[in-house]
Structures are given as C-alpha cells and as structure tokens.
Amino acid sequence: MCGIFGYVGTQDPLKICMTGLEQLEYRGYDSSGIAGVFEGTMVSCKKAGKLSNLKQELRKLPSKSFDLIIGHTRWATHGIVNDQNAHPHLDLRGEIAIVHNGIIENCHFLREQLRKEGVSFSSQTDTEVIVQWISKFYTGDLIAAVQKTIPLLKGIYAIAVIHKDHPHQIIAAARECPLAIGTDDQKTESYLSSDPNAFGKSGLNVLFLRDDEVAKIEKGTIEVFNTGQDLIIKKVERFESEYLAPSKEGFEHYLLKEIYEQPSTILKAIWGRFHEETAQVEFENFHLTKENLQKIQQIRILGCGTSAHAGLIAANYFEEMAKIPASCEIASEARYQTPLFTPHTLVIAISQSGETADTIAALREAKAAGCKTLGICNVKHSTLTRETDSCIYLKAGPEISVCSTKALTSQIAVLSLLALHIALCRGKDAASARAFFQELKKVPSHIQKVIDSSAELEKLALKYASFNDFFFMGRRHMYITCMEAALKLKEISYVNANGYPAGELKHGAIALINPRFPVVAFCANLQTKDKILSNLMEVKARGAPILAFAPEGMDEVANIADDVFWLPPTIDELAPFTSTVAGQFLAYFIAKIRGCDIDQPRNLAKSVTVE
Ligand code: AGP
C-alpha cells in the first residue's frame, strides 16, 4: 500500500505536496519521492527510507517553483527498498513521470513485451512497466496514452501521470484503489490523493475515481472519462474535514500519546450514545431499523489485525447479549470462503483506517450477496464509509502510530453498545442494559488507573525485555486479549510472541516452554478463574517465567506467577479494556528498551491497502 499525491494550482506545489506526503506516510514509509515540471523539464527526486531522507535530498536541489507536482510514499510490493525502486518512475526519455498505489499482477508479461522491443528498465517495480507503456502509446495526447494503457493492466491501481510538455495537466486513473480529487470553489487549484485527509485543506469539492475512470486534472478543473472514453458527471462531496497537523503533544512517541488518550477516546465513543432514562442506544446516521435488527439471523464480522481482534470480542458480545449467532472472520480469508449468507445476515466491517484492501474486498462480496452492511471506522470519507449502508464512527481522532491502540478500545466500546442496542431491540430488559452501561462508564477511570500504574509495567519490561520468545495465554475474552497483546509486542519489538488459548497449550505448544520462554498470562476472566490457575501451574512446573495480569482480589495468582500486575476489577465482558492497555504498555516499554522504531516499525504501514 502506498500513498499518491498531486497538485496543480496557484500555491507552491512542492510545499503542498510535502505536507500531503507527511499525511500519507502512514500508508508506507519504505521510500518517497516527487516529480514536477519546471520550465519545460521534468525534475524528479526520490529516496529510500523515511520522508525525512527525501527532505534532505530536496535541499540539494536549487529551489524551483514547479508548475505542477506529483508525490509518493511507498510500502514495497515489487522490488526491494532502494532509491531506484522508489517512486516516481520515469519513462526512458525522462519526459513522463508516474506515481502508483496498487499491484499490477501481469507486470512481468507486460515488461517482457516491451523488453522484446528494446525497452530497458531501471527498476524492479510494476509501476515502471506502466509508465513505459504510456510512453510507447504517447503521440502528443497524454490522456489518450493513459487510456490505451489501462486495458492492458491486470490488478488494482491508483495512478497519477504528468508529462513535461503538459505543465498544467495531471492525468489520474483508478481501479479498486482509493483516489480522491479535490478542487476549490474559485477553481484556482486541484489536489489528488489516496486519502482526501491529506489535502491539508478544508472546503474542497471532492470526487472519487473508480472502475478504470480517467481524469484530466488542471487548475481547478477536472474532466472524468469512463472506460468508453465518454465524459461523465461524477458525484461531488463537500470536504470539510478539519486539517490538524499531527502532534505528539510532549509525548516521546505517538504510541504513548495514543495509549494515554484512551480514557478520553472511550468517553467520546460512548458519550451520547446511550440514554439512561429511556435505556435506548442511538448512533448518528444509523440506518438499520428496529425491524431490521429484529430480523437478523446471523452476524458476520470482517476485519484484519487488531480490528479482527475487536471483531472476535464483539462476536462474543452479540452471542451473549443479543443471542444472535455471530462470527468474526479474518477478511483475507473470508473472501475465499463460501459463507452461508441469508437475506437476514448483517455484515459488520471493522477498520480504523477504512482503507484496508482485504476488509473492503470481503465487504464488497457480502454486499454482492445482498447482505446489509455496517462499518465501524475512525476516518471520515474513507472508502469503507462510502461502501457500507451505515457507518458508526469511533470519534477517536487520528491514530498516527502504526501500532493500533486507542482505535481498538474504542472499537470494543462501540461494538458493546451495538450489541446492547440489538439486544434491546430483541427484548433485553432496560434494567440489565442500564447495569451494563453503568459498568461501561467506569472503564475510562479503570484505564486511568492502569496508566497511573504504568511505571510498574516499565519495571517489568526491564525484566522481560531480553527474552526473544513469549507465549501469551488467556481464556474467553482474555484469549482474544492475549492475541492482541502478542500482536503489539510482535509488531513494535520484533519479538516472537504468540497468543494462545490457555487450555490449548497442553495440546502441543507447551513443548516449547523452557526458562527462556516466558508466559504472559491474562487472568481477568472470573468465569474461568480455576482453569487459568491450573494453566499457570502447568507452565510453572515446566520452568517458564510467568508474568500475570490479574484483577485485584485474585490473590492465588501471586502464589504462582513470578510477577503480577494488578488490574482494577470489572465484569468479564469489560475486562479486555484494562488488560489490553496493560499489554500495550508492556509492548511499548519493551520496544523502547530494545531500541525499536516505535511509531513506524519496519516492514509495516498504518493502512494495508493491497491484498
Ligand atoms: C495493529 O496494531 C496493526 N497496525 C494492524 O494489525 C491493523 O490493525 C490492521 O492492519 C487493520 O487496520 P485497519 O483497522 O485500518 O483496517
């Protein structure tokens, strides 16, 4: 997944583009680059590594006022991470430049076709194949050359193309990858981006390209053509997103800041969404009626990574609170299953970014099967929000760190209210609904207690940071919680950590246990207390160091575990909140001790927009 950006207008294109790329770096930070037209010449600058490396490189260029510009942040798919494979890519004559998000599946075939005609390549990327084909077809009309090239491409893409002889024109096209184009009311400037939130400006008129549409973009004007090359009228949305430059607000890392934000973000997720006097749940722009909800026969949840973990917890909520069969599927797998959809299947797609390709692809399959769809998302105007019948926003604010924290706890909070809402529509009594919400309202203060005790977790991290292998174990909601905690540790500390159902360890995995293989036990599930204590004894008997996260009052744990971090007690359903935050801190402090790149871990990106 990559981020593409383009600008043509009356402001400084390079400044606008670099601000846009800062906003897009979450989509990949293996390399970045820009290309612009300056006094009839194509100027390109690109560099492997973070955006800061490109900024250094740009300082070497004489200051230029480009006529127009395109830019790119890369997450490598074809070709290793180096300067040559960074975008933009130019044709052989250095006259045409392209930036691309997506994957061209038949790039090898297309590359060989050109190679037979004597075309040489300077990179290993699929993107360079596209620009070389455009160059082959170019006879003076840039959009015609792009329109000739697109039908050859198999796969998905969002591209922006410029030519040195067309200093006021960007050609853009998209298939399944997000591409937003914005113009101002005064028609003096045009923006394009993988994510409209990267425009860095509010009050634009925005349209989204899809299905091989091609746009000719000039200062403040856009013409869009369909695959038949007919000029079409596109739906335009007013984009009022308030652009706020991200800030760590004094924290050392965005991740730590976002962990600390959770008491307030959970409040925002639930505030005004449960009316205690009437025991009614209310979501904005929620179009599923009481009748719809009463007829639901099954709920199928789609998500990836941390969002899938939220979905697994939510599936428990829907079954326990609303008595509806519910399952959560990893979206990349769900696409290739043969789900038994019925007309009364509700499909819930969970995605913080709203751009995860696997989740969106699986959602599209569910829509094609006629299911009602609901999005759970944190980013307005993202693809997911445009493709679901309704969407419930987390209201958590931008989550900058690649490692998702506040989004998860807000997802669980929102989904618990959704389960309550469906349960109430299907006869749950108001008193028990109010009782649940009373417990949910305590979660922010419980999390604040964990934050206030985080110095203890820092000390524990010092003790466990040298280990390279961990089991995380738990039961019921704590099994899912331990998988999430293991993912945190994996992705920011590069440590082999795996979440396991505590009852499953003895069916094989326990063979790995040894004194250099600690177990982190998530014990905050009272329903299975005796069982988790037995599991602790089993791993202790085999010499594993044990760090336990346990609720105050579960004193027996202290007699078995080497270390215990005590959590504020709560009901089993809500235990994931405090246990998850403790796991977030553990991962954070271990990553810091190990000197890892905490906000932009290697090989990752904030939003995985390729399948
Ligand atoms: C979580 O820490 C990871 N960064 C990753 O698993 C993430 O949750 C996953 O890629 C899904 O992203 P989404 O919520 O934006 O769809």
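The first residue of the sequence shown is numbered 1, and numbering continues consecutively from there. Atoms within a ligand are numbered from 1 in the order they appear, just like the ligands themselves.
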- Query: Any idea which atoms of ligand 1 are less than 4.0 Å away from a heavy-atom of Thr306?
  - Reply: 1 (C), 2 (O), 6 (O), 8 (O)
- Protein contact to atom 12 (O) of ligand 1 [nearest heavy atom, distance to 0.1 Å]: Thr356 OG1, 3.5 Å
- Establish, for the pair Arg386 and Phe208, whether the NZ or CZ atom is under 6.0 angstrom from the six-membered ring centre and no further than 45 degrees off its axis. yes
- Query: Between Ser404 and ligand 1, does any nitrogen or oxygen pair lie at a separation below 3.5 Å?
  - Reply: yes
- Between OG1 on residue Thr405 and NZ on residue Lys488, distance to nearest 0.5 Å: 7.0 Å
- Query: Parallel under 30°, tilted from 30 to 60°, perpendicular over 60°: which one fits the rings of Phe199 and Phe239?
  - Reply: perpendicular
- Query: Looking at atom 11 (C) of ligand 1, what's its closest protein heavy atom, distance included?
  - Reply: Cys304 O, 3.4 Å
- Note on the structure: By ring-ring contact (aromatic ring centres under 6.0 Å, His included), Tyr254 pairs with (sequence neighbours left out) none
- Task: Could you see which bit of Lys488 sits under 4.0 Å from ligand 1, with heavy atoms only: side chain, backbone, both or neither?
- Result: side chain
- Note on the structure: Closest to atom 3 (C) of ligand 1 among protein heavy atoms sits Glu491 OE1, 3.5 Å
- Query: Are any of the N or O atoms of Gln352 closer than 3.5 Å to those of ligand 1?
  - Reply: yes
- Message: Need the ligand 1 atom indices (1-based, order shown) with element for anything under 4.0 Å from a heavy-atom of Ser307.
- Response: 8 (O), 13 (P), 14 (O)
- Flag the pair His72 / Phe5 as yes when their ring centroid distance falls below 6.0 Å, and as no otherwise. no
- Note on the structure: Looking only at protein heavy atoms, what sits closest to atom 4 (N) of ligand 1 is Val402 O, 2.8 Å
- Note on the structure: Min over Ser353, Pro601, Ala349, Ala331 of heavy-atom distance to atom 15 (O) of ligand 1 lands on Ser353
- Do Phe517 and Phe467 have ring centres separated by under 6.0 Å? no
- State, yes or no, whether a side-chain contact exists between Glu491 and Arg602 at a heavy-atom distance under 4.5 Å. no
- Task: Give yes or no for whether the N/O distance cutoff of 3.5 Å, strictly under, is met between Val608 and ligand 1.
- Result: no
Report, one line per pair, each donor and acceptor closer than 3.5 Å where one atom sits in a side chain of residues 583-590; sequence neighbours left out.
unit_1, atom_1, unit_2, atom_2, d
Gln584, OE1, Gln262, NE2, 2.7
Gln584, NE2, Gln262, OE1, 3.3
Tyr588, OH, His253, ND1, 2.8

- Is the ring centre of Phe286 less than 6.0 Å from the ring centre of His421? yes
- Query: Just which atoms of ligand 1 are under 4.0 Å from any heavy atom in Cys403?
  - Reply: 2 (O)
- Query: Going by distance only, is there an N or O of Lys606 that falls short of 3.5 Å from an N or O of ligand 1?
  - Reply: no
